[in-house]
Amino acid sequence: MTAIPIPARVRGSVQQLLALASLIAILVFFSFASPYFFTPSNLVGILMAATVTGILALGTTFVIVSGGIDLSIGTGMILCGVMTGVFMTYWGWPAWAGVIGAILFGGLIGFINGFNVSVLGLPPFIATLGMMLVASGLSLVISGTKPIYFKEHPDFQLLMNYDVIPGARFPLGVLIFLVLTVVAAVVLSKTIVGRYAFSIGSNEAATALSGVNVVRWKLTIYTIAGLFVGIAGVLAASRLSSAQPVGGMGLELEAIAAVVIGGTSLQGGRGSIAGTVVGALIVAVLTNGLRVTAVPQEWQSVVVGCVILVAVYVDMLRRKAN
Amino acid sequence: MTAIPIPARVRGSVQQLLALASLIAILVFFSFASPYFFTPSNLVGILMAATVTGILALGTTFVIVSGGIDLSIGTGMILCGVMTGVFMTYWGWPAWAGVIGAILFGGLIGFINGFNVSVLGLPPFIATLGMMLVASGLSLVISGTKPIYFKEHPDFQLLMNYDVIPGARFPLGVLIFLVLTVVAAVVLSKTIVGRYAFSIGSNEAATALSGVNVVRWKLTIYTIAGLFVGIAGVLAASRLSSAQPVGGMGLELEAIAAVVIGGTSLQGGRGSIAGTVVGALIVAVLTNGLRVTAVPQEWQSVVVGCVILVAVYVDMLRRKAN
Amino acid sequence: ACSEAAEKPGTDKKPYVALISKGFRHQFWQAVKAGAEQAGKEFNVDVTFEGAQEEGNVEQQIQLLQTVIDKKPGAIGFAAIDSQAAGPLMTQAKNAKIPVIAFDSGVDSDVPITTASTDNLAAAAEAAKHMAEKIGHEGKIAMVVHDQTSVTGVQRRDGFQEYIKKNEPKIQIVDVQYSGDPLKATDLAKAILTANPDLKGIYGSNEGAAIGVLHAVQEKGLTGKITIVGFDSGKDQIDAIKAGTMYGAITQNPVGIGYETVKAAVAAIKGEKLPKSIDTGFYWYDKTNIDDAKISAVLYQ
Amino acid sequence: MTLLEVRGASKSFPGVRALDDVDLELRHGEVLALVGENGAGKSTLMKLLSGIDRPDGGEFFLDGVQYTPASPRHAQELGISIIHQELNLMPDLTVAQNIFIGREPRIGGLLLSERALNRRTRELLDRLGLPLEPTDLIGDLTVARQQMVEIARALSFNARVLVMDEPTAALNEVEVNTLFGLIRRFVTPTTGVIYISHRMHELAEITDRITVLRDGRYVDTLDTASSTVPQVISLMVGRTITGEQRPRAAVVTGEPVLSVRGLHTKALLRDVSFEVRRGEILGFAGLMGAGRTELARALVGADRKDGGTVTVHGREVAISNPADAARAGIGYLSEDRKRYGVLLGRSVRDNVVLASMPRFTSAFGLVADRMIGKTATDYVAKLRIRTPSTGQLVQNLSGGNQQKTVIAKWLVRDCDVLIFDEPTRGIDVGAKDEIYALLDELAADGKAIVMISSELPEVLRMSHRIAVMCQGRITAVLDSTDASQELIMDYATRFSAQGTVTS
Ligand SMILES: Nc1ncnc2c1ncn2[C@@H]1O[C@H](COP(=O)(O)OP(=O)(O)OP(=O)(O)O)[C@@H](O)[C@H]1O
Ligand SMILES: Nc1ncnc2c1ncn2[C@@H]1O[C@H](COP(=O)(O)OP(=O)(O)OP(=O)(O)O)[C@@H](O)[C@H]1O
Ligand SMILES: [Mg+2]
Ligand SMILES: [Mg+2]
């Protein structure tokens with residue numbers, strides 16, 4: 001309760017461990033509460049449920065670390081799904097081209113966000129809120145407000161659902177999520193763009209004064225987030241074997257919540273991919289656990305809300321004690 | 001496109017004027033586009049539509065000026081509406097008591113947010129996101145997932161709908177909005193709590209070291225926002241002659257957008273009520289204008305998104321030119 | 001057609017009929033819109049069709065209604081999310097002498113001249129009946145309902161539940177969860193299947209919910225072991241029913257709803273007398289009758 | 001040929017003509033001092049040189065070749081390296097990451113090599129003899145250490161021209177000497193240094209020539225060897241300053257206003273006890289990191305105390321945050337102006353009354369703007385804060401004037417106990433004298449004053465008594481009549497202290 005933060009900052013790694021402790025506590029709790037919870041198939045189900053939001057959260061971690069925010073990831077993802085449908089069904093592209101096209105389209109969305117933020121200088125909240133609205137409208141316009149089905153590509157759904165380990169029900173989508181996690185972690189902590197994300201988030205003016213081309217790197221960062229949005233859109237479309245033109249609103253808050261629960265600061269400058277993944281899992285495990293234990297649904301958001309508050313608070317306490 | 005923001009900041013008043021210019025441009029455009037647009041009854045309709053979001057935006061301006069954010073205002077408003085129903089219909093309170101009770105309940109929500117932010121030290125985004133979820137769940141739980149009607153108080157709807165000027169269809173709700181605007185403007189710019197909101201948003205640590213009890217004032221600021229949420233909830237319930245237990249999600253983004261379009265900085269320390277009102281009107285006029293001119297609905301959010309981007313960008317350009 | 005006509009609604013003295021629905025993004029509403037536009041062409045009236053951006057958002061719908069009343073159309077078609085909430089505006093329409101036709105579900109007010117709708121309670125009971133027969137009148141089932149508070153959500157839940165309670169003592173409804181978003185519905189149906197390994201059937205109360213259930217069952221590898229009963233149509237459901245992965249579904253006649261609403265509106269403008277209600281009907285369809293002309297006419301892809 | 005030449009540089013800001021046709025000449029192999037009052041335009045000129053701001057007019061020549069710096073990066077590439085007056089570091093990054101930002105060593109052109117980065121930093125720091133850890137987070141360092149990181153960064157470029165804008169403002173004697181060593185090693189026949197400082201005695205020690213600015217105009221350039229401090233000062237201020245030595249004050253015998261017993265913090269402070277009397281100025285001396293700032297912060301409740309009592313006017317007070325402290329009559333002026341002192345985005349007026357708002361508020365919570373305006377105008381005049389109006393945003397003031405604004409804030413508040421942490425940091429000589437006079441005046445008014453300062457002459461000149469700290473303990477409390485620089489340094493380096501001295 002000290003009013004003035006002389007920051008007894010702790011490194012990312014410790015913070016992740018703390019969020020991890022909350023995650024484990026929740027896992028243990030539900031394992032006792034329901035015999036069906038801690039089963040391989042349910043755990044895979046949780047990972048599957050965490051995949052799309054998790055991938056969005058990975059990308060948005062870069063943006064948040066750099067001190068920005070991206071509200072367009074939810075509806076942007078929907079739009080990328082629709083574009084998958086447009087490429088593969090309307091334009092008859094082969095599946096691989098459709099997938100790459102949709103991912104690049106996500107990158108384009110991110111690039112436009114980055115342009116609006118860094119070149120035009122719009123506040124990230126407004127720039128991406130505008131994009132959120134534009135993307136949600138375009139999904140409807142482009143799809144003609146109808147789902148697009150992958151008639152020509154009946155196997156497209158395997159992208160998400162293919163069993164990697166025969167017989168063991170470990171879907172390809174989850175593997176992709178895990179691989180992307182590793183990629184994101186390496187990029188954020190071991191490459192120049194990651195370093196500059198932290199630097200810009202920590203003190204943008206000083207970074208610019210140090211001779212770093214902040215405009216260009218912010219463009220890059222938002223574009224990276226956009227690529228993740230594209231991947232999430234493709235996987236969501238694959239899972240439902242159709243590009244659904246509605247929805248996505250609210251997903252951005254869920255993804256941002258995952259990032260913040262994972263210890264990334266919305267002020268920028270501090271955060272980690274491992275934390276984000278743990279944050280995404282906390283939300284997914286909680287939602288699944290409450291359903292498996294058949295808690296009435298109207299109570300679920302109350303519980304999720306409280307757990308988020310408690311998890312973040314407990315983290316803070318321990319961080320202080322440190 | 002200067003990379004280094006040596007900000008040539010301009011005072012709030014100029015910024016408002018600029019947002020005002022955008023508003024007028026939009027008004028003029030739609031007046032030419034449709035004969036139904038610039039009619040007294042449609043203009044009143046616009047004000048009516050702006051009332052609830054506008055009141056939420058007024059309250060949240062305090063929070064944003066102080067460097068915080070409040071995501072719970074949308075679902076919090078829904079919960080306050082439900083509480084109006086609980087007080088007046090379930091518990092049989094007289095209308096005035098129910099209204100005051102619901103407004104104070106809003107204050108309580110705000111107080112809890114303030115407590116979580118200032119005493120527990122949670123990041124505002126997380127604290128109010130948690131509250132957003134809790135409030136949306138509680139609305140369902142408390143109402144039994146059913147709308148509550150004001151059977152005993154058939155006149156309750158007059159709070160929003162009563163014609164202030166007989167014959168001229170100027171509803172009481174709009175008058176309340178105008179009065180609240182004036183109150184909020186005075187409180188923000190002429191009272192100590194407003195001054196402290198600016199100080200805290202500008203540099204919280206320095207404000208605290210100046211001997212200002214930052215914890216207490218942040219509590220006050222969030223509580224004020226909560227009171228506005230309560231009022232908005234009561235008015236929404238009155239307008240619908242029922243307390244609807246769902247919805248509200250997304251309204252917080254709309255209200256925050258209004259605040260930011262009006263020139264208030266999400267970094268804190270800069271902003272004005274006049275700007276917020278203009279921002280709220282821009283959104284309301286745009287939405288209404290697109291409906292009146294019968295732009296296909298799927299295009300509407302695309303247009304709104306683009307106009308928000310352009311309006312904020314034009315403001316920035318002129319601010320720089322200044 | 002809608003947008004051309006709408007650019008100058010009311011000019012050249014064509015009557016103007018404005019429809020306000022609960023939503024517009026889902027295919028169901030698009031089908032209603034198509035029916036309405038078809039009738040508009042046939043009877044030579046301008047038709048606009050708008051719905052809440054977010055289905056079920058009462059506030060947004062009221063805004064739409066207000067805007068439309070201010071435009072003084074010849075008649076209004078209205079599918080209320082909450083009919084009482086629209087009370088003051090209904091009165092306003094009445095005072096402005098604009099006839100109101102309710103559609104999709106009833107409006108609890110004496111203003112509307114007639115109602116063109118589906119009896120959702122009966123339709124849901126029909127779905128329950130088929131579910132019970134298919135699983136042999138005993139065992140555990142669950143429900144995924146698209147919405148917890150809207151009239152259609154509540155009626156499609158209650159109609160189903162009441163039928164089972166009254167007629168099927170050996171069937172137990174073990175869980176009711178809510179989501180109409182296909183992705184979310186998938187995850188929650190999976191959780192239901194996990195928690196109830198001996199489940200025999202799941203009911204999905206609209207297209208989104210039914211698709212979610214369908215994918216959940218597929219992902220769980222339980223295709224064929226779980227009886228799925230859905231609602232509405234759409235390509236996914238139709239294909240699944242043809243392939244036998246979904247048992248069957250209830251379809252309303254959305255095109256008919258739109259068409260009948262505009263037709264009634266035209267009659268009201270002309271001052272003709274109308275019946276108190278127009279039942280637009282619903283049908284059970286499964287593998288056996290999906291290709292019947294009567295059925296395929298009301299299905300949308 | 002000169003190393004760097006500026007001809008006719010001009011720059012205006014709204015309402016301010018910061019530079020008006022200024023010339024400057026830096027020769028090869030010299031250290032050129034640039035001096036002038038607060039707001040004279042020194043920092044502005046350096047910002048033009050290094051490509052941060054564009055000049056309204058003027059030309060720049062590097063080795064006789066004209067150049068137009070387009071960006072900080074461009075200036076760096078041309079060999080101009082600058083240490084800004086305000087710290088420009090990324091608090092969430094480590095020392096190494098800050099120093100080599102934009103020049104990270106990479107493996108295969110793609111992956112960062114943290115190991116190589118830390119090794120190179122270690123080499124650099126060892127070469128410079130700076131006691132810093134490459135892996136420390138900047139945000140955890142004190143201002144002085146952060147300043148050292150800035151110096152290390154500036155020296156890590158192979159620069160030809162090194163610009164230092166008040167590098168010693170946050171340093172004390174020992175570190176200043178380290179810095180001077182570094183400067184001497186840097187200067188070769190092909191390089192040069194522009195050195196900005198308000199500490200006049202440093203000029204003779206390190207610089208070769210002195211250029212004076214006044215009110216944005218070039219005044220004169222002197223050879224250091226053949227000029228005296230009073231001469232420079234009178235060029236700066238445009239009048240003669242007597243600069244008389246204040247007689248050493250006698251011991252004050254008023255009743256104790258503040259007394260602290262056994263103050264303890266987990267991190268550093270060990271059993272700190274002292275008292276300040278009515279009308280007394282108690283100086284605090286010590287090396288960097290001795291714990292003086294930490295003591296002040298713990299005392300006013302900005303940081304956690306882990307033991308100890310605070311008594312004001314004989315009554316024990318519980319202080320858990322600075323608001324409690326202010327209510328008990330204790331005000332604290334932080335050494336870190338930017339982070340803990342000013343509201344950069346608010347007006348001078350708002351800053352001046354920040355600590356005393358309730359006094360300017362009526363019963364209904366309405367703020368008396370007219371009274372605020374009047375008070376602000378008074379203090380702007382009294383402290384000679386250079387600003388076009390009291391409505392000017394503080395971020396548009398020069399560093400020294402920002403400092404004066406913070407001081408004004410505490411003068412308005414009128415506390416019984418005032419703790420000034422480095423009150424003259426970044427303040428010009430003329431203004432320093434004004435502030436000294438102010439402190440004397442406050443003491444004469446019966447206030448109890450704690451003055452933490454890293455400038456020993458200042459401590460010696462101002463204090464009635466001097467507390468010396470080392471490693472979180474008070475190692476001595478000396479009467480000013482007994483104190484000397486040597487004695488203070490002796491106590492300040494009693495590292496494994498032989499017990500704690502209490503007053
Ligand atoms: N961005 C700006 N906007 C408006 N005025 C400015 C700005 N930057 C500097 N000034 C003004 O220009 C003048 C010169 O400022 P500068 O910072 O160069 O002074 P300085 O000589 O470095 O003083 P100090 O010794 O206090 O650091 C001052 O009056 C200052 O208020
Ligand atoms: N923000 C901080 N985070 C962690 N440690 C700090 C922080 N500030 C100071 N310290 C540590 O506390 C100790 C005391 O520093 P303090 O600032 O009190 O010294 P000081 O005597 O005021 O010297 P100076 O201000 O000249 O550096 C030092 O070891 C320093 O590293
Ligand atoms: Mg300066
Ligand atoms: Mg210090």
Side-chain angles (χ1 to χ4, degrees), chain A residues 1-15 64-67 182-183 185-217 220 263-272 317 319-322, chain D residues 47 50-52 71-77 81-82 84 86-94 97-104 106-107 109-114 117 135 137-140 142 150 153 157 266-267 293-294 297-298 300-305 320-324 334 336 339-340:
Chain A
M1 217 193 96
T2 336
I4 300 101
I6 281 255
R9 280 167 214 235
V10 188
R11 312 296 300 276
S13 55
V14 179
Q15 167 63 17
I64 294 177
V65 161
S66 80
V182 174
V183 171
V186 169
V187 173
L188 184 65
S189 65
K190 296 263 173 260
T191 70
I192 193 113
V193 60
R195 173 63 43 82
Y196 290 158
F198 280 105
S199 184
I200 293 170
S202 190
N203 187 343
E204 183 170 340
T207 307
L209 282 181
S210 306
V212 173
N213 190 335
V214 167
V215 171
R216 196 179 75 197
W217 289 107
T220 312
T264 296
S265 157
L266 278 169
Q267 255 55 264
R270 217 146 37 91
S272 73
L317 275 194
R319 241 194 290 172
K320 254 185 213 160
N322 219 288
Chain D
K47 282 180 188 160
S50 59
I52 294 165
S71 67
R73 166 144 232 163
H74 182 216
Q76 257 166 31
E77 281 160 5
S81 188
I82 176 162
H84 295 280
E86 303 298 338
L87 290 169
N88 276 291
L89 296 168
M90 284 66 77
D92 299 296
L93 302 191
T94 66
Q97 289 165 355
N98 266 278
I99 290 177
F100 285 101
I101 185 80
R103 300 174 289 159
E104 291 80 2
R106 293 185 230 174
I107 308 167
L110 205 64
L111 292 186
L112 297 172
S113 168
E114 209 69 359
L117 177 69
T135 52
L137 281 188
I138 293 292
D140 293 343
T142 56
E150 287 268 24
R153 178 162 75 184
F157 295 97
K266 207 153 87 193
T293 296
E294 180 149 332
R297 287 180 57 94
V300 298
D303 289 331
R304 248 181 86 83
K305 283 191 276 292
S320 61
N321 57 46
D324 292 341
S334 167
D336 192 342
R339 200 144 52 119
Y340 298 128

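First the proteins, then the strands, lettered A, B, ... as listed; each starts at 1.
Contact of D:His84 with chain A is made through the side chain alone, with heavy-atom distances under 4.5 Å. Interface remark: D:Leu89 contributes backbone atoms only to the contact with chain A (heavy atom separation under 4.5 Å). Contacts of D:Ile99 with chain A are absent, with no heavy-atom separation under 4.5 Å from either backbone or side chain. For chain D, no part of A:Val193 is nearby; none of its heavy atoms comes within less than 4.5 Å. For a residue to count as touching a neighbouring chain, one of its non-hydrogen atoms must lie under 4.5 Å from one of that chain's; by this rule D:Glu114 touches chain A with the side chain only.
Applying the 6.0 Å contact sphere to NZ of A:Lys190 captures no more than 12 heavy atoms from other residues, nucleotides or ligands. Heavy atoms from other residues, nucleotides or ligands lying under 6.0 Å from CD of A:Gln267 number 12 at most.
Of the inter-residue distances, the one linking D:Ile101 atom CD1 with A:Ser210 atom OG reads 6.0 Å to the nearest 0.5 angstrom. Rounding to the nearest 0.5 angstrom, the gap separating the CE atom in D:Met90 from the OG1 atom in A:Thr207 is 4.5 Å.
For the pair A:Arg195 and D:Phe100, the cation-pi criterion (under 6.0 Å, within 45° of the ring axis) is not fulfilled.
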